[in-house]
Amino acid sequence: MELRPYQKAAVQAVEEEGHKGRNKTLLVLPTGCGKTLAFAQIAKDCVNDGERVLVLAHRGELLEQASDKIYKMTGLKAALEKAEHSCLEHPFQRVVVGSVQTLMRERRLDLFNEDYFTTIIIDEAHHAVSRSYLNILEHFYDAKVLGVTATADRADMKDLGSVFDSLAYEYTLPQAIKDGYLCPIKAQTIPLHIDLSGVRVTAGDFQLGDIDTALDPYLEQIAAEMKNYCKGRRTVVFLPLVKTSQKFCELLCANGFRAAEVNGESADRAEVLHDFECGKYDVLCNSMLLTEGWDCPPVDCIVVLRPTKSRALYSQMVGRGTRLYPGKKELLLLDFLWMSEKHELCRPAHLLAKDKALADAMTKRIEDADGAMDIEEAEHEAEQDVVREREEALAKELDAMKRRKRKLVDPLQFEMSIQAEDLANYTPSFGWELMPASDSQKKFLESRGIYADGIESAGKASQLIDRLKKRQELGLATPKQIRFLEGKGFQHVGTWDFEAAKKMIARISFNGWRVPAGVDPWKYEP
């Protein structure tokens with residue numbers, strides 16, 4: 001199997017993190033983009049270096065998938081650590097796929113020396129802060145750790161930075177769609193208000209029993225509405241409980257659909273899944289069974305009737321329909337007018353939006369659209385509105401900064417001048433990033449003209465230092481040039497070349513430190 005360009009880049013980025021001494025790192029690839037193949041290559045490289053690798057997963061399907069892909073990708077056969085199977089019986093097999101539920105037990109861990117595994121790869125790494133995983137990581141405390149996931153969010157807000165040191169590589173959903181590796185997503189808002197105001201939250205997400213109670217009165221209406229949108233499509237419906245899934249399946253059948261239902265106790269589960277993929281059924285209902293470890297490329301419609309606050313879980317559900325398939329033009333994602341006074345919940349906008357303001361603006365556009373709307377189009381339109389509002393709000397703050405009698409440049413002024421939205425919106429995630437900026441970082445920044453006391457974390461300082469070095473390589477304006485010229489009214493000096501800024505400062509100097517006649521700072525472009 002040949003790796004795709006982004007998979008090769010991901011493998012290289014992970015290995016580069018190791019060279020930097022960041023031995024606990026994350027790799028983020030959207031569902032359907034072959035994360036298993038990427039970490040299979042990393043496992044092979046580790047084995048070639050004489051290491052022993054443990055691949056951890058929390059479900060049998062994921063273990064089987066990892067073992068199969070590793071063999072097809074690398075030719076390496078993986079030993080199994082699960083229930084009565086022990087990899088210790090196969091010491092010459094350098095790759096092990098292990099069940100978290102098995103390895104987390106103290107008696108099982110005691111069978112292994114602390115240095116038995118050199119590298120641990122965690123599939124679906126958004127689960128990694130759970131105690132079951134931590135037991136294993138604490139036992140093999142000196143092992144390198146790679147976490148692989150489709151999203152680095154967790155509903156209960158526990159910081160993945162407590163486990164991982166860095167984000168080595170992230171391939172985003174929009175980029176995957178743009179590059180043609182995943183299909184476009186269109187969101188359709190269904191004009192049905194579903195009241196979730198009485199649903200409670202436990203461990204960061206909605207209680208399933210409460211969702212079931214709130215959802216039940218609307219099931220017949222939803223089944224009827226689906227006739228308007230799902231005919232001719234291969235649809236997967238996610239529901240909160242097995243009993244709800246079974247009931248909804250019956251309602252769909254009564255509305256003319258060829259519907260089937262699967263759950264953890266289904267004796268014929270494999271047969272039903274096969275028949276669905278082959279087209280015997282056009283709707284498949286499940287209660288969270290199919291969020292991970294199941295691929296069915298023909299799926300082109302997703303209905304989420306299990307509202308969630310977790311972007312990770314929401315992305316997993318939607319990801320069941322993003323794979324490419326002959327004749328498939330897009331994934332249709334049906335969304336409802338969920339009513340919740342106390343809690344935010346994931347909507348189609350959250351698949352792309354980086355913050356609440358953009359998500360809210362996107363959601364409004366999707367709701368107001370006449371028919372299904374491409375979520376990338378919604379993001380593009382909403383982002384223009386949000387950026388305009390932010391720029392207006394920042395204008396006053398930036399104006400005040402430019403007037404301060406300070407020789408150094410405020411970080412925000414520098415970020416806005418060079419139009420670096422990624423820096424302005426940066427949020428530290430990992431342990432080292434959350435620490436205060438070091439004295440050496442502050443000294444470097446101040447030597448380059450940045451007011452370091454305005455920098456709140458080591459992560460932000462590191463980002464600024466990297467950007468300053470890159471700008472110097474490219475020959476762009478320095479912070480001190482930006483400070484001086486913007487103080488004279490020139491706009492976005494951060495986009496100027498160093499030489500252009502130098503010449504204008506020289507002209508101002510020769511003119512008695514006044515802007516030369518005929519030069520309008522607001523309109524001037526070098």
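- Ion pairing between R365 and D385 holds under the 4.0 Å rule for side-chain N and carboxylate O.
- Between L137 and V163, some side-chain heavy-atom pair lies under the 4.5 Å cut-off.
- The number of heavy-atom neighbours closer than 6.0 Å to CG of D520, taken from other residues, nucleotides and ligands shown, is above 12.
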Derivation and outcome, side chain to side chain contact (heavy atoms under 4.5 Å, CB included), residues V28 and T172: CA-CA 8 Å; V28 180; T172 65; over 6 Å; no
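- A 4.5 Å side-chain heavy-atom check between F117 and L56 finds every atom pair outside the cut-off.
- With hydrogens and angles disregarded, a donor-acceptor distance shorter than 3.5 Å links the side chain of T25 to the backbone of A168.
- Note that the CG atom of L167 and the CZ atom of R22 stand 10.5 Å from one another [nearest 0.5 Å].
- The pair E17-K24 fails the salt-bridge criterion, with no side-chain N (NZ, NE, NH1 or NH2) lying under 4.0 Å from an Asp/Glu carboxylate O.
- With respect to the salt-bridge test (charged N to carboxylate O, under 4.0 angstrom), the residues R233 and D300 qualify.
- In this structure, Q7 contributes its side chain and C33 its backbone to a donor-acceptor pair below 3.5 Å.
- Side chains of R448 and Q472 form a contact here, defined as non-hydrogen atoms less than 4.5 Å apart.
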Verdict with supporting geometry, S457 and E433, side-chain hydrogen bond (donor to acceptor under 3.5 Å, both in side chains): CA-CA 6 Å; S457 68; E433 293 177 326; over 6 Å; no
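- Residues S438 and S440 bring a donor and an acceptor atom of their side chains to less than 3.5 Å of each other.
- No donor-acceptor pair under 3.5 Å is formed between the side chain of D335 and the backbone N or O of Q188.
- Here the straight-line distance linking atom CG of D195 with atom CE of M339 works out to 5.0 Å at 0.5 Å rounding.
- Looking at heavy atoms from C-beta onward, R131 lies in side-chain contact with E138 at the 4.5 angstrom threshold.
- Across all their heavy atoms, A66 and V55 have their closest contact at CB-CG1, 4.2 Å.
- The structure places CD1 of I450 at 10.5 Å from CD1 of I465, a figure rounded to the nearest 0.5 Å.
- At a threshold of 4.0 Å, the pair K35-D123 counts as salt-bridged, since one of the basic side-chain nitrogens sits closer than that to a carboxylate oxygen.
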Full working for side chain to side chain contact (heavy atoms under 4.5 Å, CB included) between L146 and I120: CA-CA 6 Å; L146 169 64; I120 297 175; over 6 Å; no
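- With respect to the salt-bridge test (charged N to carboxylate O, under 4.0 angstrom), the residues D205 and R306 qualify.
- For F414 and Y451, the distance between ring centers is not under 6.0 angstrom.
- In this structure a side-chain-to-backbone donor-acceptor pair under 3.5 Å is missing from S130 to S132.
- Ring geometry, Y6 versus Y171: the interplanar angle falls under 30°, so the pair is classed parallel (tilted spans 30 to 60°).
- Atom NZ of K442 and atom OG of S447 lie 14.5 Å apart (nearest 0.5 Å).
- Residues H492 and S417 bring no donor and acceptor atom of their side chains to less than 3.5 Å of each other.
- Stacking of K309 on the aromatic ring of Y314 is not recorded, the 6.0 Å distance cut-off and the 45° axial limit not both being met.
- For the pair L173/I185, a side-chain contact is recorded, criterion being any heavy-atom separation below 4.5 Å from C-beta on.
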Steps toward salt bridge (Lys or Arg N to Asp or Glu O under 4.0 Å) verdict (K186, E376): CA-CA 9 Å; K186 289 189 176 182; E376 287 189 279; over 6 Å; no
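- Listed for the E170 side chain is no donor-acceptor partner under 3.5 Å among the backbone atoms of L29.
- With Q491 contributing its side chain and G489 its backbone, the two residues share a donor-acceptor pair below 3.5 Å.
- Ring centroids of W522 and F490 are separated by 6.0 Å or more, keeping the two rings apart.
- Looking at T149 and E124, their side chains never bring a donor and an acceptor atom within 3.5 Å of each other.
- Minimum interatomic distance between L445 and A452 (heavy atoms only, all atoms of both residues): CB-CB, 4.5 Å.
- Across every non-hydrogen atom of Y133 and A57, the tightest pair is OH-C, 4.1 Å.
- The main-chain N or O of C183 is never found under 3.5 Å from a side-chain atom of K328 such that the two would form a donor-acceptor pair.
- With rounding to the nearest 0.5 Å, the separation of CD1 in I482 from CD1 in I418 is 6.5 Å.
- Under the 3.5 Å distance criterion, the side-chain polar atoms of K488 are matched with a main-chain donor or acceptor of W513.
- Classification of K356 and D360 as a salt-bridged pair holds, one side-chain N sitting under 4.0 Å from a carboxylate O.
- At least one donor-acceptor pair closer than 3.5 Å links the side chain of H350 to the backbone N or O of R347.
- No side-chain N or O of T189 forms a donor-acceptor pair with one of E367 less than 3.5 Å apart.
- When only modelled atom types and interatomic distance are considered, N511 and R507 share no side-chain donor-acceptor pair under 3.5 Å.
- S509 places no side-chain N or O within donor-acceptor distance of the main-chain N or O of I505, the cut-off being under 3.5 Å.
- Heavy-atom minimum distance, R471 versus A477: NH2-O, 2.9 Å.
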Intermediate values then yes/no, side chain to side chain contact (heavy atoms under 4.5 Å, CB included), C301 and L334: CA-CA 8 Å; C301 183; L334 298 191; 4.2 Å; yes
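- Atom-to-atom distance recorded for L182:CG and I177:CD1 is 6.0 Å, nearest 0.5 angstrom.
- Across W294 and V299, no two heavy atoms sit closer than the pair CH2-CG2, 4.2 Å.
- Looking at T74 and Q41, their side chains never bring a donor and an acceptor atom within 3.5 Å of each other.
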Intermediate values then yes/no, side chain to side chain contact (heavy atoms under 4.5 Å, CB included), V145 and I122: CA-CA 7 Å; V145 181; I122 302 176; 3.9 Å; yes
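- Under the 4.0 Å criterion applied to side-chain N and carboxylate O atoms, E381 and K364 are not assigned as salt-bridge partners.
- For the pairing with L333, the side-chain contact (heavy atoms from CB on, under 4.5 Å) check across I375, L351, V303, I366 returns one residue only, L351.
- With respect to E16, the side chain to side chain donor-acceptor pair (under 3.5 Å) criterion is satisfied by exactly one of H19, Q12, K20: Q12.
- E51 and T119 share a side-chain donor-acceptor pair at under 3.5 Å.
- The pair R320-D295 counts as a salt bridge, with a side-chain nitrogen and a carboxylate oxygen less than 4.0 angstrom apart.
- For an aromatic pair to be called close, the ring centres must be under 6.0 Å apart, and F206 with W338 fails this.
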